[in-house]
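The next block holds one structure in the form of structure tokens; read it before the comments.
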Amino acid sequence: MSEVKNLDDYVVNEYETGVIVKDVKDFDPVHIFDCGQCFRWIGEEDGSYTGVAMGKVINVKRDGKDIVIDNTNLKDFKNIWFEYFDLGRDYSLLKKEFVKFDENLKNAVDFGWGIRLLQQDGWEMIISFIISSNNRIPMIQRAINNICQRYGKCIGEYRGKKYYSFPDPKELSVATVEELRDCKTGFRDKYIYSTTKDIVENNININDFLEMDSETCHKELMKFKGVGAKVADCIALFGMRKYNSFPVDVWVKRVMQEFYNAKEMSLPKMRKYGMDLFGDDAGFAQQYLFYYVRELEIGK
DNA sequence: GACCAGGACGGCT
DNA sequence: AGCCGTCCTGGT
């Protein structure tokens with residue numbers, strides 16, 4: 001069994017409006033879209049999820065062992081969605097290691113067995129996670145929606161609803177602080193304004209962050225207004241492929257206190273402790289643990 | 001109306 | 001370097 005999966009390892013059948021990917025392991029839309037890594041995926045009545053990513057609107061559901069992606073085609077699956085859904089990674093192997101690691105991680109993996117880390121757009125993660133600071137998920141989703149409707153492009157209709165792309169830095173740079181406040185971003189309005197301006201005026205290339213090592217990336221991200229240690233870790237993990245990142249939010253703090261003997265530890269120490277404990281795969285461990293304790297409200 | 005949830009910042013030591 | 005008051009919004 002190989003460690004990395006290739007495009008040809010999957011059987012993909014195209015139908016009129018989408019594709020069916022046969023026999024996909026370790027993939028559950030509920031776990032993926034509800035584990036805190038993304039904000040633009042909405043659950044539909046039929047249990048499927050519709051969302052906007054990479055400037056396209058698609059609908060995703062699990063049908064037994066298969067994954068059905070609607071409103072797309074084989075070409076986009078190969079060029080975009082294979083990577084976006086991290087289908088090149090063997091999560092079974094990863095999970096096997098975690099199950100052996102300890103009882104906590106085993107329970108977390110058993111619970112969130114279908115989690116995958118989406119390979120999302122770095123710029124979108126920067127703005128999204130600035131908005132996430134000291135904020136709750138429904139509010140974050142609403143603010144991002146407002147921003148997309150006002151500054152993004154209409155990319156079409158799906159099931160009778162219009163969808164908008166996430167604005168690029170240039171598109172968002174026309175927004176004033178007051179307009180951003182109107183989008184319900186709260187006190188983060190000035191951070192979004194400043195960071196967008198910073199990126200546009202200094203010609204910062206977001207792709208450069210992908211090339212950096214993890215520590216440099218984290219340090220550079222923290223130079224943006226509104227980006228502290230936790231937000232930088234989320235951007236690095238979800239948007240910059242820095243898989244040893246260990247974002248410590250209130251829930252992860254509770255896990256570390258409850259399960260990992262870190263009762264009196266400060267947040268910076270906890271971050272380093274998590275990275276040392278879980279090593280190169282700290283980001284994956286963080287996701288399983290986060291989803292597990294948040295859903296079960298452990299340590300609250 | 002008081003209180004709570006949720007991180008970054010800036011001023012203080 | 002570390003601690004703490006403040007920031008906005010919506011829900012209880």
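Below, chain A is the first sequence line, B the second, and so on; all start at residue 1.
Atom pair A:Met139:CE and C:dC8:C1' shows a separation of 11 Å (rounding to whole Å applied). The CD1 atom of A:Ile137 sits 10 Å away from the C1' atom of B:dG6 (whole-angstrom rounding). A:Ile127 has its CD1 atom 15 Å from the C1' atom of B:dA8, to the nearest Å. We find that CZ of A:Arg271 is positioned 11 Å from P of B:dA8, with the value rounded to whole Å. Per the geometry, CZ belonging to A:Arg181 stands 15 Å off C1' belonging to C:dG10, to the nearest Å. Regarding A:Lys225, its NZ atom lies at a distance of 18 Å from the P atom of C:dC7, rounded to whole Å. One can place NZ of A:Lys230 at 13 Å from P of B:dC9, the figure rounded to the nearest angstrom. Spacing between atom CG of A:Asn135 and atom P of B:dA8 amounts to 12 Å, rounded to whole angstrom units.
Looking at heavy-atom distances under 4.0 Å, A:Asp249 makes contact with sugar-phosphate atoms alone, never a base. Heavy atoms of A:Phe129 sit nowhere under 4.0 angstrom from any nucleic acid atom.
When ring centroids are compared, A:Phe284 and A:Phe98 stay outside the 6.0 Å threshold.
Here the side chain of A:Arg188 is nearest to one of B:dG6, C:dT9, B:dG7, namely B:dG6. Side chain of A:Phe187, nearest nucleotide from C:dC7, B:dC9, C:dT9: C:dC7. Listed candidates were C:dG10, B:dC9, B:dG6. Nearest to the side chain of A:Val250 is B:dG6.
Between A:Trp251 and B:dG6 there is a side-chain polar atom (N or O) within less than 4.0 angstrom of OP1 or OP2. Between C:dG10 and A:Arg142, a contact under 4.0 Å exists linking OP1 or OP2 to a side-chain N or O.
Ion pairing between a basic and an acidic side chain is recognised when a charged N comes within 4.0 Å of a carboxylate O; A:Lys153 and A:Glu171 show such pairing. Using a cut-off of 4.0 Å between Lys/Arg side-chain N and Asp/Glu carboxylate O, A:Lys197 and A:Glu201 are scored as salt-bridged. With respect to the salt-bridge test (charged N to carboxylate O, under 4.0 angstrom), the residues A:Asp63 and A:Lys61 do not qualify.
Relative to the six-membered ring of A:Tyr243, A:Arg89 meets both conditions, a distance below 6.0 Å and an angle of at most 45° to the axis.
Map A:Ala232 and A:Arg136 each onto its nearest nucleotide of DNA chain B; the residue landing nearer the 5' end is A:Arg136.
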